[in-house]
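Beneath this line is the structure, given in structure tokens, with notes to follow.
Excluded from the calculations below are hydrogen atoms, water molecules and symmetry mates; all remaining heavy atoms, backbone and side chain alike, are included.
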Amino acid sequence: MSDTSVETLRLIGGHPALDFVNTVDAGMDRRGPDVLATYGDAIDWAVRVELITKDNGKDLRQLTQSGDGPVALERLIEARENLYKVLLAEALGQLPDTGAVAFLSQQLREASSFRTLCFDADSHISKDWIELNIDSILHRVIAHAVDLLTDRKRRPISLCDGVNCGWLFLDRSRSGRRRWCSEEGCGSHARVRKFRAKTDQINQ
């Protein structure tokens with residue numbers, strides 16, 4: 001993933017919160033490299049996954065002229081690392097880290113203060129965001145993450161079987177037996193390793 005950018009990053013999670021934690025190369029014994037090197041990268045990613053509109057992205061770039069971008073990025077990365085701990089625990093069948101859950105709970109309270117109820121185009125009551133601010137990406141990621149974590153009808157979160165991969169996804173396949181973050185990536189690498197192992201056995 002060293003040559004990956006926000007534009008070329010594979011969106012394989014099946015949910016914005018999972019694509020968010022997959023913005024960093026997440027091996028089981030390491031974290032990095034990270035495609036969110038700047039707050040501008042975070043804006044581009046949020047537009048790409050439709051957390052915000054292109055106009056929202058332009059407005060956020062205006063807000064970063066105050067110099068708050070780097071600090072906002074730090075808060076976003078901190079949220080990502082805590083969210084990854086909680087999601088990974090589910091994928092491994094473990095209890096989540098209580099500190100990470102407490103952190104997300106605090107972030108949810110802060111994000112909720114920027115939400116309101118309104119009427120949509122069909123006169124149905126829906127949720128919306130009050131105003132755009134430097135932490136809007138963080139707030140919207142947290143809202144989506146909580147929706148994911150509290151959804152009791154979905155399949156469990158899966159961890160890619162790739163060697164030292166660590167990416168997470170929702171298995172939406174019909175069989176429910178998806179093993180890889182992508183067939184083209186870790187799936188292909190696994191088949192190559194299997195083929196080479198068989199070849200080595202034959203040649204011994």
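Cluster annotation: I52 is not connected to W129 through the hydrophobic network of ILVMFWY side chains, with a link wherever side-chain heavy atoms come within less than 4.5 Å. Residue W167 is grouped with residue L11 when hydrophobic side chains (ILVMFWY) are merged at heavy-atom distances under 4.5 angstrom, including chains of intermediate members. Connection of I134 to F114 is not established within any shared hydrophobic cluster, with ILVMFWY side chains joined at heavy-atom distances below 4.5 Å, either directly or through further cluster members.
When atom types are taken as modelled, the side chain of T8 and the backbone of T4 share no donor-acceptor pair closer than 3.5 angstrom. In this structure a side-chain-to-backbone donor-acceptor pair under 3.5 Å is present from N22 to L18. No donor-acceptor pair closer than 3.5 Å links the side chain of R177 to the backbone N or O of R174. Under a 3.5 Å cut-off, the side chain of D19 and the backbone N or O of G13 do form a donor-acceptor pair. In this structure, the side chain of R178 engages the main chain of C181 through a donor-acceptor pair within 3.5 Å. Judged by distance alone, the side chain of R75 and the main-chain N or O of D135 form no donor-acceptor pair under 3.5 Å.
A centroid separation of less than 6.0 Å is found between the aromatic rings of F20 and W45.
Atom CG of L117 has more than 12 neighbouring heavy atoms from other residues, nucleotides or ligands inside a 6.0 Å radius.
Using a 4.0 Å cut-off between a side-chain N of Lys or Arg and a carboxylate O of Asp or Glu, R80 and D34 qualify as a salt bridge.
Within the structure, the side chain to side chain donor-acceptor pair (under 3.5 Å) test picks out no pair touching residues 112-125 (sequence neighbours left out).
Every salt bridge (charged side-chain N to carboxylate O under 4.0 Å, His left out) that D171 has, sequence neighbours left out, goes to R155.
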Subject >> R61/D44 under salt bridge (Lys or Arg N to Asp or Glu O under 4.0 Å): CA gap, chis, key distance, verdict >> reply: CA-CA 10 Å; R61 291 186 190 280; D44 290 339; 2.3 Å; yes

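Between the side chains of D55 and T53, not a single donor N or O lies within less than 3.5 Å of an accepting N or O.
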Validation: residues 88-101 side-chain donor-acceptor distances under 3.5 Å, sequence neighbours left out:
from	atom 1	to	atom 2	distance (Å)
E90	OE1	R154	NH2	2.9
E90	OE2	R154	NH1	2.7
E90	OE2	R154	NH2	3.3
E90	OE2	I157	N	3.0
D97	OD2	G99	N	3.0
D97	OD2	A100	N	2.7

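Here the rule is side chain to side chain contact (heavy atoms under 4.5 Å, CB included) with L9, and of D41, V49, V35 only V35 fits it.
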